[in-house]
Structure formats: C-alpha cells, structure tokens
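Predicted model, so just to flag it, every value in this text is computed and none were measured. Numbering of residues begins at 1 and proceeds along the displayed sequence. The figures that follow rest on heavy atoms only: side chains count, while hydrogens, waters and symmetry mates do not. Counting starts at 1 for both ligands and their atoms, following the listed order.
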Amino acid sequence: MKAMTVKFESQKVSRLYFTAAIGLFVGQIVFGLTLGLQYLIGDLVFPAIPFNIARMVHTNLLIVWLLFGFMGSAYFLIPEEADTELYSPFLAKLLFWIFLVAGAATILGYLLVPYAKLAEWTGNDFLQTMGREFLEQPLPTKVGIVIVALGFLFNISMTVLKGRKTAISLVLLMGLWGLALMFLFSFVNPNNLVRDKMYWWFVVHLWVEGTWELILGALLAFVLVKTTGVDREVIDKWLYLIITMALVTGILGTGHHFYFIGLPGYWGWVGSVFSALEPIPFFMMTLFAFNMVQRRKREHPNQAAVLWAVGTAVMGFLGAGLWGFIHTLSPVNYYTHGSQVTAAHGHRPSTAPTCWWSSR
Ligand code: HEM
Ligand code: HEM
Ligand SMILES: [Fe+2]
C-alpha cells in the first residue's frame, strides 16, 4: 500500500478511521443488497435475518461508518489547518478501538439476539431509548457514542486551541459539536408519541439538514483550498454564506416533518416555506465547487480529488436539494409521505457525505 504522505505525523491516525469506514460501508452494501433482494424474494434468509433486522443493520452501519468518516477527516484536516500536531494521537487511537468494538458488538447483538431480549439485557427498562428508526442502539452503545464523541471533540478542540484558528476548522468544530449535542435528544423519549416524534426529528433532520451541512461545507472548503490554491479570503466568504443559508433554512425547515405527527397546523406553512429554501445552500455548494475550480491557481496532481469534490457537490444538490424539494411542500408530502419517494430520497443525498473521501 502506498505510504500516506502527510505534513504532520499524527494525521496518520485518520488512516485507521478511513479503513474502518470503508469496511463498514462494504457491510452496509451487503445488507442493502440483501434488503433489495428481499423485496423480490420475500423469504430470503428468513427467519435468520428478517427484513426489519437487515434494515436496522443497514442503516446503523451507515451512521457508524459516516461517523468514522467524519472523525477520520477531522483528524486529517485539523492538524493541517491548525498547523500543529494533534493534541493526543494516543486518545484518537484508543477511541477508535473503543468505537469499533462497541459498534461491532452492537451489530452482532442485532443479528444474534431477538431485539426485545437485547433491550431487556441492556437496561432499556431503566431508560427507554430503543426502537426508533436510526436510533435503535442499546443504551450502553448510546452512552458509548457520547463518550467517544466527547473524547474526540476534546482532542480536536484542544488541537485548534493550541494552533492556528481558521474559518474552516471553526465551521468544522461547530458542525461536529452540533452533531454531538443533537444526538443527546436520542435519550429523550417521552410516552407522548407526538413529542417522541418531534425529538426524534431533532436528531435526524437537524443532523442531515443542519450540522452535517456545516461539516460538508468545511470538508469541501478544505479540499478546494488544497487543490485549487484559491485565496482563503474567497473560500471563507463562500463557506460563511453557505452555512448561514443552511442554518437559516434548515432549522425551521424541520417543520417539513411536523405536518402529520400531531403538531399545530402552522407547521404546514413554516415547514413548507423554509424547507423549500433548503436547496439554496446545496446549490451554492455546487456553484462554490465549480467556481473555485475555474479560478484555480494551480493544477493539482490529484485530479481525482478535484473531480470527486465537484461530483459530490452536484450529487448532493440533486439528491438532497432537488429530490428533497420534490416532496417537501405539505400538499405534495400528503401524498408521498413514507412512500418509495422518501426511501429513494433517503438514498440519493448519501453521496454527499462521502465528500470526506476526497480529502484523502
Ligand atoms: C444531505 C442532506 C439530506 C439527507 C442526508 C436527507 C436524508 C433523508 C432521509 C434518510 C429521510 C427519511 C427519514 C425517514 O426514515 O423517515 C428524509 C426525509 C425527508 N427529507 Fe431529506 N435529506 C436531506 C436533505 C433534504 C432537503 C434539502 C430537503 C428539502 C428540500 C429534504 C426533504 C425531506 C422530506 C420532506 C422528508 C420526509 C419524507 C416523508 O414525508 O416521508 N431533505 N431525508
Ligand atoms: C447496493 C446498495 C444499496 C441497496 C440495494 C440499498 C437498499 C435499501 C433498502 C431495500 C432499504 C429499505 C427500504 C424500505 O424500508 O422499504 C434501504 C434503506 C435505507 N438505506 Fe439503503 N441501500 C443501498 C445503499 C445505501 C447507502 C450507500 C446508503 C447511505 C450511505 C443507504 C442509506 C439508506 C437509508 C438512509 C435507508 C432508510 C431510508 C428511509 O428511511 O426512507 N443505503 N436501503
Ligand atoms: Fe428534513
């Protein structure tokens, strides 16, 4: 394997994270294909792996590899931006193994133990957090995620504090801290189904259409700085505009999930209006990528990275922005809610978070 060329030795911890991410991604695809085949052959691998279990493994693997990807990118990017070694490479390696073992144990738990038994064994009676899409993890895994996230945030925040502070690392830190804070709502699960759903969307929506967009923007900006050599002043201005638009539209845009869960009717208007504007920041990311590449001051040897950065921006716009817009207005969503339109949309933006690949 080609040696990883890095400016700072501690950036190399990112390789562990990228390797795990790719491994888990392959696992996710295997389960995705199984799911797809189960549409066609209803009793495929039944009763060993029923559809609902395979689906849970598929989506949980997705979240875990993405988190590995985000963390790996941060460990790669932050030392370079802060112009200093990582605060603690040891902590980064330790947390990696904790997260990998906890993640693997959770997936094995899903596959080997009936879900209700797993809930019983892992203290779900003590604090009920399980059984909600994407947040199916047993309580110890959820607590583990919080501990790993805090250790990770401590490590990269300390690195930024002792080094150079750039707009890119600031936005990345905001995104990652926001991601961790929003995850805390996964511990809030009131008996009232309306409030339960509302808090659930605080995690799911405010991740993908809030904090992840900041992370995406920062990773994209980093790759563009490196590959195009365009001045930081220009890149930073784009980044600030993009994340402002992401938050202005995305936060109240949460309302596009409040149409039919029992919340007040005004969410129909608030959700429709604000979420209809959500494609703007995604479109700006596309403009940003094309513009910077056009104004490039040098030809970077890694043209694949440039192409990937531009490509993910385009796919992110199509899948999230355009496909999102198609079903986001409440009168349209009335007919498409929870249909294959949703599932297809849930897949298309998945190409956007893979932005981190291009930072390799
Ligand atoms: C990277 C960005 C995005 C990602 C990763 C993403 C992902 C998803 C996923 C996985 C779901 C399904 C949730 C479930 O299981 O119920 C969903 C639902 C939805 N998304 Fe997105 N999304 C993104 C951006 C957007 C944008 C920009 C819009 C609007 C312009 C949008 C509009 C919607 C709507 C309306 C639903 C609800 C569908 C329903 O009623 O069943 N999404 N999204
Ligand atoms: C060969 C590739 C893949 C196949 C065949 C596949 C297939 C499936 C199937 C059949 C479902 C269940 C839909 C249902 O409940 O009816 C599903 C759900 C889902 N998959 Fe995949 N998948 C693949 C790759 C991916 C990738 C790469 C991602 C993201 C990085 C992803 C993210 C999701 C999400 C977020 C859901 C839940 C969607 C929702 O709630 O609407 N999948 N997938
Ligand atoms: Fe949303």
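Heavy-atom proximity to Glu133, at under 4.0 Å, picks out these atoms of ligand 1: 14 (C), 15 (O), 16 (O). The distance from ligand 2 to the heavy atoms of Phe25 drops below 4.0 Å at these ligand atoms: 27 (C). The contact set between ligand 1 and Thr342, taken as ligand atoms under 4.0 Å from a residue heavy atom, comprises 12 (C), 38 (C), 39 (C), 41 (O). Atoms of ligand 2 found under 4.0 Å from any heavy atom of Gly36, numbered from 1 in the order shown, are 10 (C). Taking every non-hydrogen atom of Leu62 and a distance limit under 4.0 Å, the qualifying atoms of ligand 2 come out as 29 (C), 30 (C), 32 (C), 35 (C). The distance from ligand 1 to the heavy atoms of Asn333 drops below 4.0 Å at these ligand atoms: 35 (C), 38 (C), 39 (C), 40 (O). Below 4.0 Å from some heavy atom of Phe51 lie the following atoms of ligand 2, by number and element: 12 (C), 14 (C), 15 (O), 16 (O).
For the ring pair (Phe, Tyr, Trp, His ring centres under 6.0 Å) with Phe317, the qualifying choice from Phe282, Phe290, Phe283, Trp323 is Phe283, the only one to do so.
The closest approach between any non-hydrogen atom of Tyr335 and ligand 1 is not below 4.0 Å.
Using a 4.0 Å cut-off between heavy atoms, Phe274 makes no contact with ligand 1 at all. Residue contacts with ligand 1 for Tyr259 are absent, since no atom lies close enough (heavy atoms, distance under 4.0 Å). Looking at His327 against ligand 1, both its backbone and its side chain come within 4.0 Å, counting heavy atoms. With a 4.0 Å cut-off on non-hydrogen atoms, His257 touches ligand 1 through its side chain and not its backbone.
Metal site remark for atom 21 (Fe) of ligand 1: His345 contributes an N, O or S atom at a distance under 2.8 Å. The distance from the Fe ion (ligand 3) to the nearest N/O/S atom of Glu209 is under 2.8 Å.
Considering Gly250, Gly210, Ser275 only, the shortest heavy-atom separation from atom 30 (C) of ligand 1 involves Ser275. Nearest to atom 36 (C) of ligand 2 by heavy atom, out of Leu33, Ile29, Thr59, is Thr59. Comparing heavy-atom distances from atom 13 (C) of ligand 2 across Phe134, Tyr39, Trp65 singles out Tyr39 as nearest. Nearest-residue assignment for atom 24 (C) of ligand 2 (options Arg55, Gln340, His58, Gln38; heavy-atom criterion): His58.
Within 6.0 Å of CZ in Arg295 there are 12 or fewer heavy atoms belonging to other residues, nucleotides or ligands.
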